[in-house]
Each structure stands twice: as structure tokens, then as C-alpha cells.
Amino acid sequence: MSSSAVAFARQNHSRFLDELKALLRIPSVSTDPAHKDDCRKAAEALLAELKRIGLENGRLIEGEGHPLVYADWLHAAGKPTVLIYGHYDVQPPDPLDEWLSPPFEPTERNGNLYARGSADDKGQIWAQVKALESLLAANGSLPLNVRVLFEGDEEVGGEVIAQYVASKPADLKADFALVSDTELFAPGLPTLCVGLRGMIYTELEVRGAKTDLHSGMYGGAAPNPFVSIAHIIAKLKDEKGHILIPGFYDGIIPPSPEELAAWKSLPFDEEEYRKTEVGSKQLVGEAGYSVLERTWARPTVEVHGIPGGFIGAGAKTVIPAKATAKISMRLVPGMTPAKAFELYKSYVEKIAPIGVDVEVRLIHSGDPCLIPVNNRYIQAATRALHEVWGKDTVFIRSGGSIPIVGDFDHHLGLPSVMMGFSLPDDSIHAPNEKFNLKNFELGIVSLIRFLEEVGS
Ligand code: BES
Ligand code: MN
Ligand code: MN
């Protein structure tokens with residue numbers, strides 16, 4: 001690890017960390033219209049930094065959402081071109097009172113940096129930017145050609161970047177993508193993610209009476225949309241976790257025996273996972289599949305919230321006129337969002353209880369992806385990671401989704417290297433999200449050495 005870029009990164013670590021804190025103070029919550037300006041502020045801060053470190057052609061790309069950030073450096077004649085991707089938007093911070101320090105006041109505690117977006121994904125894009133800065137500052141040039149593309153709508157489905165990528169603009173011409181938005185399988189264990197689940201995110205609206213009604217006067221005669229929603233949800237999967245939508249599992253491509261064998265040798269303790277990560281008294285899910293199979297290679301149905309009705313203090317006796325439920329499904333290789341939505345929609349319409357109207361809406365969707373590992377970029381990554389972490393890389397999948405990764409493959413023909421440095425217990429999307437400071441530091445070094453390896 002004798003590269004002068006690595007030395008630069010080590011010397012400048014505390015400045016890098018201060019700068020990351022400044023980025024984390026911007027509450028760029030993409031789903032909340034009240035934070036629209038904050039999302040733009042985060043995009044502008046990233047653009048300014050990319051220009052400052054020496055990238056060129058920097059600009060914001062506007063679409064129907066938050067801006068994309070683009071910049072490039074294309075002076076490594078004869079070398080490959082990397083498309084570096086990450087997202088600057090973050091999840092909403094609620095429930096606020098569960099945070100030990102405020103979500104947008106980054107705070108160091110026990111070797112971690114606590115803030116919304118610290119791990120997902122600002123800490124990781126900052127590691128990418130600081131790797132580029134270190135290379136440019138130490139050498140005056142980059143070891144390969146670089147295009148950077150950051151989005152601000154990942155947490156809400158990534159429509160803007162999807163449209164941009166689908167238009168195959170010349171300025172995305174590259175040989176591979178580098179995505180830093182995933183996790184290490186365990187602390188200190190170098191990891192590349194090679195598969196993600198896809199998803200459809202839907203809203204189910206159920207309408208009963210023409211207006212809210214007194215529940216004593218009309219209870220027994222008027223339909224209750226919340227009860228109808230409960231009946232519908234109860235029919236989506238059985239108590240053993242088997243999804244009841246006809247045809248839903250058709251066409252699923254199971255992991256190969258080799259991949260399953262590799263998962264079996266990962267350091268995974270189901271009881272420890274239950275206790276420390278999940279914290280429930282028992283795990284649930286389909287019989288006959290391990291936890292890793294259930295979360296990485298099987299589809300699921302989840303209910304996120306059922307807004308509406310009476311949620312104030314105390315009691316109110318009312319039969320609400322309507323109810324909605326936010327319901328999503330994770331998809332695995334062999335499934336497509338369009339088909340999954342069609343099957344779900346016709347099933348819900350068929351099982352709709354009497355007396356109510358149901359409407360099923362698609363909010364956003366993304367394809368599942370599975371990445372071939374036999375290419376020089378993955379090989380360069382494992383060499384770099386071995387050097388930095390002193391261990392062989394494990395290949396994992398993840399149950400989460402990054403919609404654009406599938407599009408990089410379909411539209412641009414790019415293989416992705418998903419090299420990320422968060423940890424399973426970083427509480428992404430939850431209160432007290434954190435990023436391990438050592439992982440921030442080694443993440444920067446890993447990215448530097450990876451880019452140097454690809455360019456060498
Ligand atoms: N970074 C996550 C996805 C992820 C999580 C990858 C854990 C690997 C390990 C990403 O920001 C995310 O949360 N995506 C959303 C996408 C959705 C809104 C389309 C998700 O998975 O819910
Ligand atoms: Mn993310
Ligand atoms: Mn996320």
C-alpha cells in the first residue's frame with residue numbers, strides 16, 4: 001500500500017471527515033417536498049467539490065426530480081473508463097425521538113459517525129470523491145478515465161437517472177461501473193456484492209362509504225376499509241411466509257449449487273443475527289430456505305404503513321371512508337416488475353371484499369440484478385481488497401435494491417463492481433444510522449488501490 005495517493009489520504013483524513021460532516025448536515029431527504037432545496041444544495045456541494053479536485057465538464061443534469069451530478073476526467077489515453085455511481089439523497093429521519101444525537105448533526109461516538117445518510121450513502125460517495133482527490137493530488141492525473149454520476153432520487157425509485165441512462169447519452173460511455181452503496185458482510189471482511197433484489201412499491205387504496213360515519217350508528221351495515229385492507233393483506237402471504245399471489249414464483253432462477261455452497265461457508269450465525277440485528281423473539285419466513293436465501297434470493301411482500309383513519313390522541317368512534325396501504329414486493333432474478341405488478345393487481349382485484357372499491361397503484365419499480373464475476377474489474381477489486389484488508393474477498397448478494405444497477409447492464413452494457421463499506425448493523429433507513437470511521441478510512445484506501453489496479 002505504498003501508493004502516494006494512499007499517503008495523501010492518510011495525511012488528510014481529518015479534513016476528509018470534517019467535509020463529510022458538512023455534507024451530512026444538509027437534510028437531503030428525497031421523498032419530502034419540504035427538503036427539495038436541501039437536495040439541490042447537496043447536489044451543488046458535490047458538484048463544487050468534484051470541480052475543485054480537478055474533474056471537468058461538471059454540471060447538474062435536470063429531470064423531474066432532484067438533479068443528477070456529473071463530472072469527468074478523460075485524459076488516460078488507452079485506459080479503461082469507470083462510471084462512478086452513488087446517491088446523495090437520504091431516507092427520512094423519523095422516528096426522531098429515538099435518535100441519541102440529532103440525525104443531521106453528525107456526531108462521533110465509539111469509532112462511528114452517527115447521522116442520517118452517513119452509511120447510505122453520503123459517507124460512501126464521499127469516500128469515492130476523496131479517493132479521486134487523493135489520486136489527483138498525489139499524481140496530477142488519474143490512473144484511468146473517470147465519469148462520476150450521482151443521483152438524488154435513489155431512495156424514491158431513481159426515475160431521473162433511469163430516464164437519463166435509458167437515453168444512452170454519449171457522456172456515460174464507459175467500460176464498467178463502480179457502485180459504493182452496499183455493505184461488508186462482517187466487520188473487517190472485504191466484500192463484493194454481486195446480486196440485488198428488484199422491487200415494486202405500490203399503494204393499495206380501499207374506499208367504502210361516501211364519507212366518514214359514526215361507528216355505532218352504521219357499524220354492522222357500512223363497510224370498513226381498514227378491515228378490508230386487513231383481509232387483503234392477510235391473503236397476500238400465508239403464516240409460513242409463502243406468497244399466495246398465483247404465478248408469483250413462476251420463472252424464478254434459483255442460485256447455483258456453487259453459490260449456495262459459498263453462502264454456507266460465510267461467517268453467519270443465525271441466532272446472533274436474530275438477537276443483535278433483528279431483535280425479535282423468532283425469525284420468520286419460508287421453510288426450507290436459509291436466512292441468506294430468504295433475504296437474498298427469494299421474493300417477499302412487506303407492508304410499510306396504513307395511513308388514514310383516526311390516529312389522534314384518545315378515542316374517536318368512526319368508520320373511515322377510505323384507507324390506503326403502502327405495500328412493496330422484493331423481486332429476484334427471473335422476475336420482472338411489470339409481470340409481478342400485473343399478477344398482484346389482478347389478484348387483489350379478485351379478492352377484494354364486498355362493499356368496497358379497490359385501486360392498486362405502482363409508485364416505482366426496479367429490476368433485480370445478478371452480476372457475472374469473471375471479469376478483470378472484479379479481479380482487480382479482489383486484488384486491491386486483499387492488499388488493504390489482508391483477506392480474501394467474499395461474494396455476497398443483498399436483499400436491498402439499487403434500481404440503476406440493472407439499467408447500467410441493460411442500457412449501457414456495463415458490468416458493475418459493487419464495492420461498499422457499510423456494516424450490517426449500521427442501521428441504514430433506521431434511527432441512529434452510523435458509518436464506521438475505520439471503514440470510511442479503509443474504504444477510501446480500497447477505492448484508491450482498486451482504481452490504481454484497474455489502470456495498471
Ligand atoms: N443502499 C441501499 C440498498 C442496499 C442496502 C444495498 C443494503 C445493499 C445492502 C439503497 O439506498 C436502498 O435503500 N434502496 C432502496 C431502493 C428502493 C427505494 C427502490 C431499497 O432497497 O429499499
Ligand atoms: Mn443506498
Ligand atoms: Mn437506502
Side-chain angles (χ1 to χ4, degrees), residues 24 28-32 42 65-66 84-93 103 115-128 149-162 177-186 189 191-203 273 277 292 295-297 299-305 326-332 337 340-341 362-371 394-407 416-431 433-435 439 443:
L24 289 167
S28 47
V29 180
S30 51
T31 198
D32 187 347
H66 309 300
I84 294 183
Y85 165 85
H87 62 93
Y88 64 80
D89 62 320
V90 303
Q91 288 274 325
R116 169 58 86 233
S118 55
D120 186 13
D121 183 34
K122 285 172 172 168
Q124 306 220 46
I125 59 176
W126 205 248
Q128 294 174 327
L149 185 65
F150 294 144
E151 71 164 314
D153 291 294
E154 195 276 344
E155 301 291 7
V156 291
E159 253 322 296
V160 177
I161 195 172
L178 168 61
V179 175
S180 299
D181 191 23
T182 54
E183 56 188 16
L184 301 182
F185 188 74
L189 187 60
T191 304
L192 291 176
C193 178
V194 299
L196 295 165
R197 288 197 286 192
M199 83 170 332
I200 54 175
Y201 199 108
T202 74
E203 226 165 43
Y273 167 88
E277 278 189 57
L292 297 184
T295 55
W296 293 352
T300 58
V301 174
E302 297 301 336
V303 180
H304 306 289
K326 290 180 186 285
I327 298 174
S328 81
M329 278 143 242
R330 297 282 167 173
L331 314 177
V332 298
F341 182 67
L362 182 63
I363 311 277
H364 62 67
S365 62
D367 284 310
C369 74
L370 195 55
I371 281 156
V394 296
F395 295 97
I396 68 164
R397 293 200 204 177
S398 181
S401 310
I402 309 174
I404 201 60
V405 176
D407 297 4
S416 287
V417 174
M418 289 194 267
M419 184 190 284
F421 304 96
S422 72
L423 288 174
D425 71 350
D426 275 346
S427 299
I428 67 172
H429 294 205
E433 176 177 353
K434 66 174 174 67
F435 193 29
N439 284 5

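Order of appearance sets the numbers: ligands from 1, and atoms from 1 within every ligand. Predicted model only: the values in this text are computed from it and were never measured.
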Does [X] approach ligand 1 within less than 4.0 angstrom via side chain, backbone, both or neither, non-hydrogen atoms only?
X	answer
Cys193	neither
Ser398	side chain
Asp121	neither

To which protein heavy atom is [atom] closest, and what is the distance rounded to 0.1 Å?
atom	result
atom 17 (C) of ligand 1	Met199 SD, 3.4 Å
atom 11 (O) of ligand 1	Glu154 OE1, 2.7 Å
atom 22 (O) of ligand 1	Arg330 NH2, 2.7 Å
atom 18 (C) of ligand 1	Glu155 O, 3.4 Å
atom 15 (C) of ligand 1	Ser401 O, 3.5 Å
atom 5 (C) of ligand 1	Ile428 CD1, 3.7 Å

Nearest heavy atoms of Cys369 and Met418, plus distance in Å =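 For Cys369 versus Met418, the nearest heavy atoms are SG-CE, 4.3 Å.
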Proximal atoms of ligand 1 relative to Pro403 (non-hydrogen, under 4.0 Å) =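 By the 4.0 Å cutoff, the relevant atoms are 19 (C).
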Consider every N or O of [X] and every N or O of ligand 1, then say whether any pair is closer than 3.5 Å.
X	result
Asp181	yes
Gln91	no
Thr182	no

inquiry  = At a cut-off of 2.8 Å, what protein N/O/S atoms sit near the Mn ion (ligand 3)?
reply    =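 Short answer, with waters excluded from the count: Asp120 OD2, Glu155 OE1, Glu155 OE2, His429 NE2.
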key: Atom pair CZ (Arg330) and CG (Leu196), whose distance is rounded to the nearest 0.5 Å   =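 These two atoms lie 10.0 Å from each other.
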query = In this structure, which one of Asp367, Thr300, Ile402, Leu331 forms a side-chain contact (heavy atoms from CB on, under 4.5 Å) with Arg197?
reply =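 Between Arg197 and the candidates, side-chain contact (heavy atoms from CB on, under 4.5 Å) is satisfied uniquely by Thr300.
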query = Quick one: side chain to side chain contact (heavy atoms under 4.5 Å, CB included) partners of Leu192, sequence neighbours excluded?
reply =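 In terms of side chain to side chain contact (heavy atoms under 4.5 Å, CB included), with neighbours along the sequence ignored, Leu192 is linked to Ile378, Ala381, Thr382, Leu385, Thr393, Phe395, Val417, Met419.
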Does a side chain donor of either [X] or [Y] reach within less than 3.5 Å of an acceptor in the other side chain?
X	Y	result
Ser28	Lys122	yes
Tyr85	Gln128	no
His87	Asp120	yes

key: Non-neighbouring partners of His429 that pass ring pair (Phe, Tyr, Trp, His ring centres under 6.0 Å), sequence neighbours left out   =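 None.
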query = What residues form a ring pair (Phe, Tyr, Trp, His ring centres under 6.0 Å) with Phe150, not counting sequence neighbours?
reply =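 If we apply the ring pair (Phe, Tyr, Trp, His ring centres under 6.0 Å) test to Phe150, skipping adjacent residues, there are no hits.
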